[in-house]
Protein chains: 2
Amino acid sequence: MITFAQAFELFACQVLPASLTDAAHLRFRSLAILRQLVHDASLEIGEDGQQIVYVARGATKLVAHASQSRDQIVAFHFAGDVFTVPEPDNYSYSVSALRDSDILTFASTDFLALAAGEAGVLQYLLENTTLSLRRCREKTIALGRKNARERLAVFLLAMAERIGVEQDGRVGLDLPMSRRDIAESLGLTIETVSRQLTKLRDERVIETLGRSGIVLLKPSLLRGRAGFMREAA
Amino acid sequence: MITFAQAFELFACQVLPASLTDAAHLRFRSLAILRQLVHDASLEIGEDGQQIVYVARGATKLVAHASQSRDQIVAFHFAGDVFTVPEPDNYSYSVSALRDSDILTFASTDFLALAAGEAGVLQYLLENTTLSLRRCREKTIALGRKNARERLAVFLLAMAERIGVEQDGRVGLDLPMSRRDIAESLGLTIETVSRQLTKLRDERVIETLGRSGIVLLKPSLLRGRAGFMREAA
DNA sequence: CGTCTCATTGAGCCAGCTCAAATTAGGTGG
DNA sequence: CCACCTAATTTGAGCTGGCTCAATGAGACG
């Protein structure tokens with residue numbers, strides 16, 4: 001659990017240009033709202049319109065709710081990530097904590113009005129949005145064209161890149177999300193996720209340590225199973 | 001077929017703020033490259049890194065290529081749209097013309113360097129990227145959690161919103177894309193797309209006119225089949 | 001060390017895929 | 001304007017990967 005001051009300081013260092021005036025700095029500060037989410041707590045995004053979210057500490061999932069409690073996890077975010085949550089339209093969205101997390105939220109319209117004069121902030125936001133878009137497109141490819149085995153390979157590689165710890169060719173992962181979360185992110189069921197992980201273990205591609213630990217023994221093997229583009233012309 | 005001058009003029013009116021100096025205007029102009037694509041022609045995005053694309057005329061698809069010629073259509077874009085194409089990494093991307101099209105491309109790094117001082121341009125770009133992201137997330141939800149029938153409903157409603165012509169409660173569509181394109185966009189096969197359209201026709205939800213004409217007889221009926229959020233708490 | 005939730009494993013089913021054939025829209029040339 | 005040609009689409013039949021339902025196993029925490 002961290003204080004508002006600490007959270008905003010992290011945000012400012014990362015997002016606001018050093019050249020920003022104290023007055024502008026304070027205006028941004030007045031827009032920020034700190035949300036402290038314990039494990040599994042979730043923040044519904046509703047009336048206040050599109051939100052800009054900064055993860056100061058922890059790990060979160062962005063969930064879209066469709067009919068009949070069919071939920072799709074749209075993205076995972078970790079400490080330091082900035083992302084946008086749409087206002088509800090055909091779907092409603094929420095941000096949930098995978099671990100205890102502290103996040104700052106800003107009403108998008110207010111934030112953008114304030115950032116309009118600050119090219120540096122806009123650029124930072126644009127870069128992050130473009131990154132979110134690239135990741136979302138890659139997820140689209142996985143969900144549209146890949147089978148369960150490939151989706152798991154893609155997922156593990158993506159997590160390795162974001163929260164993996166490399167040690168002599170192997171990559172250690174401490175996954176903050178449950179099998180259910182993985183399934184809801186990949187458009188599969190928990191049973192299928194479990195079966196595919198078992199298969200990868202049997203094939204000596206990964207090792208598992210309890211519920212959350214996974215070691216990628218040979219990332220290159222996984223890459224071969226991810227269905228990425230090869231030497232296409 | 002339009003000239004470079006015409007295409008850039010369209011772009012400038014829409015994207016560049018009126019207040020922009022002539023000098024800056026000319027610098028943007030010098031970055032633009034006009035690509036004239038006849039029906040089915042495609043533009044591979046390769047060495048030059050991330051691109052920013054403006055569709056001056058026509059209709060295009062953004063295709064991601066995975067292994068074994070499994071292609072996923074990531075988005076459709078129509079005249080006036082601005083979007084970003086990632087540089088190749090795990091997948092390679094291309095832009096193809098559904099109809100004869102004229103598009104302007106900009107190397108993203110150059111464009112952003114130039115736009116760094118122009119908050120208006122950055123804002124416009126950010127808005128468009130956020131819109132692309134929202135659409136991509138909705139596609140993710142469709143591909144992750146919806147069956148074929150729902151995906152078709154979502155697709156038709158999205159197209160109705162973007163290129164539909166409403167007339168007393170019905171919406172007319174002249175789809176520029178083939179069944180194969182629809183299938184590659186929705187993560188289905190052309191056979192499944194065809195069968196679902198036939199079913200919708202049998203159920204008097206749509207009418208078809210030749211290959212490309214579709215009339216939504218009762219958009220509200222389609223909305224009911226799209227698996228959107230209902231009165232969820 | 002009990003308990004509770006999460007994860008794994010098993011068995012059978014079905015939506016959408018694959019392969020194959022028939023039909024038709026829409027251009028093309030006479 | 002019409003007959004023809006070709007590729008796109010539709011329709012049919014059977015198969016299968018991942019889902020559903022059900023039971024068992026195993027971490028985590030008091």
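Order of the sequence lines fixes the chain letters, A, B, ..., with proteins taken first and strands second; residue numbering starts at 1 for each chain.
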Whole angstrom is fine here: how far is it from CG in A/D174 over to C1' in D/dA28? 14 Å
Axis-to-axis angle across the helix from C/dC1-D/dG30 to C/dG30-D/dC1, five pairs each end, nearest 10 degrees, ~ 50°
Atom pair distance, as rounded to whole Å: CD in A/E191 and C1' in D/dC21: 9 Å
Identify which nucleotide among D/dG18, D/dT10, D/dG27 has an atom closest to any side-chain atom of A/L188, counting heavy atoms from C-beta outward. D/dG18
From A/D181, A/D174, A/D40, residue fulfilling salt bridge (charged side-chain N to carboxylate O under 4.0 Å, His left out) relative to A/R99: A/D174
Would A/F11 and A/F106 count as a close aromatic pair, with their ring centres under 6.0 Å? yes
Identify whether any heavy atom of B/G213 sits under 4.0 Å from a base atom; if not, whether one sits that close to sugar-phosphate; answer base, sugar-phosphate or nothing. nothing
Which residue, B/V193 or A/S212, contacts DNA chain D at a nucleotide closer to its 5' end, judged by nearest heavy atom? B/V193
Which nucleotide span of DNA chain C, 5' end to 3' end, has atoms closer than 4.0 Å to non-hydrogen atoms of chain A? C/dT5 to C/dA11
For A/E161 and A/A158, indicate whether the former's side chain and the latter's backbone hold a donor-acceptor pair under 3.5 Å. no
For the pair made of NZ in B/K146 and P in D/dC19, what is the distance, rounded to whole Å? 17 Å
Picking from D/dA13, D/dA26, D/dG18, the nucleotide nearest the side-chain atoms of B/R195 would be D/dA13
Do the charged groups of B/D100 and B/R57 touch, with an N to O distance under 4.0 Å? no
Compute the ring centroids of A/F83 and A/F76, then answer whether they are less than 6.0 Å apart. no
Considering only NZ, NE, NH1 and NH2 on the basic side and carboxylate oxygens on the acidic side, decide whether B/D71 and B/K61 come within less than 4.0 Å. no
Rounding to a whole Å, what distance do you find between A/Q196:CD and D/dC19:C1'? 13 Å
Taking only N and O in the side chain of A/T192, is any of them less than 4.0 Å away from OP1 or OP2 of D/dG18? no
Hey, are B/E184 and B/R70 close enough for a salt bridge, meaning a charged N less than 4.0 Å from a carboxylate O? no
Residue pair A/R211/A/R149 against DNA chain D: nearer the 5' end by closest nucleotide is A/R149
